[in-house]
K.L.:
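My structure is below; once you've seen it, I'll send some questions.
Here is the naming used below: chain letters follow the sequence lines, and residue numbers restart at 1 for every chain.
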Number of protein chains: 2
Amino acid sequence: MRIIRLESNILRDMEPIIYPLCVMELRSTTTASEIAGHLRERILAGEFAPGTRMHQVQLSEMLGISRTPIREALAHLANQGLLIYEPNRGYAVRAFSVEEIRAAFEVRARLEALACGLCARNGLTKPVLARLKACLAEGDALLSKGFLDPDDLAPYRAMNVEFHETILQKSGNPFLGDFVRQCHNVPLASDRVFVWKDYGIITRSHDDHHRILHAIETRDSERAEALMREHVVYASLVLLRMLDEVKAAPKADDSPLRPRRIA
Amino acid sequence: MRIIRLESNILRDMEPIIYPLCVMELRSTTTASEIAGHLRERILAGEFAPGTRMHQVQLSEMLGISRTPIREALAHLANQGLLIYEPNRGYAVRAFSVEEIRAAFEVRARLEALACGLCARNGLTKPVLARLKACLAEGDALLSKGFLDPDDLAPYRAMNVEFHETILQKSGNPFLGDFVRQCHNVPLASDRVFVWKDYGIITRSHDDHHRILHAIETRDSERAEALMREHVVYASLVLLRMLDEVKAAPKADDSPLRPRRIA
DNA sequence: AGTTCTTATTTTGGATACATTAATGCGAAT
DNA sequence: ATTCGCATTAATGTATCCAAAATAAGAACT
């Protein structure tokens, strides 16, 4: 097979500065990426049972588009680890064992801890610190009632995501954010999809946030790393405990899923 | 948009044990995946300059196939982080800064260290230990000449890959292997694509392998983790030093790229 | 001469049609 | 009754075609 060097578009390569408008957040998202996001949500929500085959024609009829963007979306999801692909057999929803969920948390704990330590080591700018402080303040406000209002759960979750995402983004290491995001693709192993309903545990978790930001502000990277690691590890323990309880008593499906203190 | 639950193939879901032959390594790879692997190698080899647009028609004519599998392969590579995708603009070879290469090593060091510590903590089976010992023996043999034969470089690299891959696979955490493999997709940041040509450094690196296996055998997870972390961190330092030297003297393009001792 | 608007070409995104491979069902033989 | 084998069916993989968007080129204007 011959070796041919593709010629590059000189203008775009050399002077990207003259195309500022093109770089803006136009986001003329293609339908394939929309489908991918759509299916991603539904898979993470547990709508498709693990092992379910994702038939392309079926999906195309269901969504009213042709197979081409479907295929692209499925390939994308397979690369993200949500689907399993076998040549000439198609895609199927990946089944995650409890052990894999634990493994995802284990890696996530290390990566987020590293990101947190890097933030402390390198220092954050004042606007970023202000953003994190705003997260703390919002959490304080939501928890000030002394109990957890179900209506406050969604905003608390959003705040939690922003706190963690900000630290990841400002760590200066783009791979940390990428990989942690992949960990969140494991169903149930994500703060984004699920959050505890126990006021005590959430309060403690939010107190961790306070300490984490303090460690970052005082540039104590060791402490910041240790705090974040424990913060995530404990979340995994709570979740795994809940999964155990659910498995032990699958009949009470609508039970409040109250986690108990692990110690 | 209606919600339709896809029916799953009961047989495959419930009794995977009765399909042992299907699970075997048939690998009837589709052309799209072949193309993806092919392009991946060429990109990592630096054949396509960073920023180069990957025109689909151009590639399809070059490779003698239609655009469809090309598109699938490009999407795959973009998901792996080798290409950048912009809607309606296509794919371009991603440019990695030195800082990103360093970041990839930083994450890789932590992840491989964790994998190594887990192997020590959980213990490895005798056949796996034997495989690692075989790697050590092969390295010993290749380095016994007292200098590095260029012909031995490829087998040494293969041995090195197997040593690291074995530890990752046997760590019991599948995400570690996945993420480390993604780190290897960063050009130059991979043992697989590039290996040092300095006998002293390779000897020291191989000595690390000896100590790492010793730590695993003695179930000293702390030591195993620390050793592997330093093992990878030092590799990054050597590479970054080389990149600095290349950048400092870009004229001598065919220079031997000899790294110096860093201390 | 430089700038801007319009037009033409190129390239990507999506739809459809065809080829190939795996799964299924039926039937016969053991 | 079970199993093996063949034919059928269905699903995936690939090629081609059309539409839309972006880029490039050119003409008109300041």
K.L.:
Give a yes or no on whether a salt bridge exists between B:R241 and B:D244, defined as a side-chain N under 4.0 angstrom from a carboxylate O.
P.N.:
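Here B:R241 does not pair with B:D244 in a salt bridge, since their nearest N and O are not under 4.0 Å apart.
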
K.L.:
Nearest to the side chain of B:T30, which nucleotide is it out of C:dG13, D:dA22, D:dT14?
P.N.:
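In terms of side-chain proximity for B:T30, the closest of C:dG13, D:dA22, D:dT14 is D:dT14.
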
K.L.:
A:N88 has an atom CG; how far is it from atom C1' of C:dA22, in whole Å?
P.N.:
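Rounding to the nearest Å, CG of A:N88 and C1' of C:dA22 are 7 Å apart.
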
K.L.:
Please report the closest heavy-atom contact between A:C183 and A:A104, naming both atoms and the distance.
P.N.:
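The pair with the smallest heavy-atom distance is SG-O, 3.7 Å.
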
K.L.:
Whole angstroms only, please: what is the OH-P distance between B:Y91 and C:dT11?
P.N.:
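After rounding, the gap between these two atoms is 16 Å.
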
K.L.:
Nearest-Å distance, CZ (A:R67) to C1' (C:dC18)?
P.N.:
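For the pair A:R67 CZ and C:dC18 C1', the rounded distance is 11 Å.
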
K.L.:
Counting only distance, no hydrogens or angles, is the base of C:dG14 paired donor-acceptor with the side chain of B:R71 under 3.5 Å?
P.N.:
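Indeed, a donor on one side and an acceptor on the other fall under 3.5 Å apart.
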
K.L.:
Under 4.0 Å from OP1 or OP2 of C:dT10: is there any side-chain N or O of B:Q58 that close?
P.N.:
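No, no such contact exists.
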
K.L.:
Could you state the interatomic distance from CG (B:L59) to CG (B:L74), rounded to the nearest 0.5 Å?
P.N.:
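Between atom CG of B:L59 and atom CG of B:L74 there are 6.0 Å.
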
K.L.:
Counting heavy atoms from C-beta on, name the nucleotide in C:dT12, D:dT14, D:dA11 closest to the side chain of A:H55.
P.N.:
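Looking only at heavy atoms from C-beta outward on A:H55, the closest nucleotide is D:dA11.
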
K.L.:
Nearest whole Å is fine: how far is C:dA19 P from B:I65 CD1?
P.N.:
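Taking CD1 of B:I65 and P of C:dA19, I get 18 Å after rounding.
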
K.L.:
Tell me whether B:R102 is salt-bridged to B:E106, with the criterion being a basic N under 4.0 Å from an acidic carboxylate O.
P.N.:
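Judged by the 4.0 Å cut-off on N to carboxylate O distance, B:R102 and B:E106 do form a salt bridge.
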
K.L.:
Grab the CD-P distance between A:E72 and D:dT14 for me, whole Å please.
P.N.:
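Atom CD in A:E72 sits about 14 Å away from atom P in D:dT14.
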
K.L.:
Where is the tightest heavy-atom contact between B:A115 and B:L168, given as atom of each residue plus distance?
P.N.:
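The pair with the smallest heavy-atom distance is CB-CD2, 3.7 Å.
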
K.L.:
What is the distance, rounded to the nearest whole Å, between atom CG of B:L83 and atom C1' of C:dT12?
P.N.:
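Distance, rounded to whole Å: 15 Å.
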
K.L.:
Can you check the A:R53 CZ to C:dA22 P distance for me, whole Å?
P.N.:
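A:R53 atom CZ is separated from C:dA22 atom P by 12 Å.
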
K.L.:
When the distance from CG of B:L63 to P of D:dA15 is rounded to whole Å, what number comes out?
P.N.:
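Computing the B:L63:CG to D:dA15:P distance gives 11 Å.
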
K.L.:
Check this one for me: any side-chain N or O of B:Y85 less than 4.0 Å away from OP1 or OP2 of C:dG13?
P.N.:
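For B:Y85, the contact criterion (side-chain N or O under 4.0 Å from OP1 or OP2 of C:dG13) is met.
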
K.L.:
Less than 4.0 angstrom between a side-chain N/O of A:R89 and OP1 or OP2 of C:dA23, yes or no?
P.N.:
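Indeed, a polar side-chain atom of A:R89 lies that close.
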
K.L.:
Hey, which sits more toward the 5' end of DNA chain C by its nearest nucleotide, B:V57 or B:T68?
P.N.:
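Comparing both residues, the 5'-ward one is B:V57.
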
K.L.:
So, is A:Q56 near the phosphate of D:dA10, with a side-chain N or O under 4.0 Å from OP1 or OP2?
P.N.:
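No, outside the criterion.
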
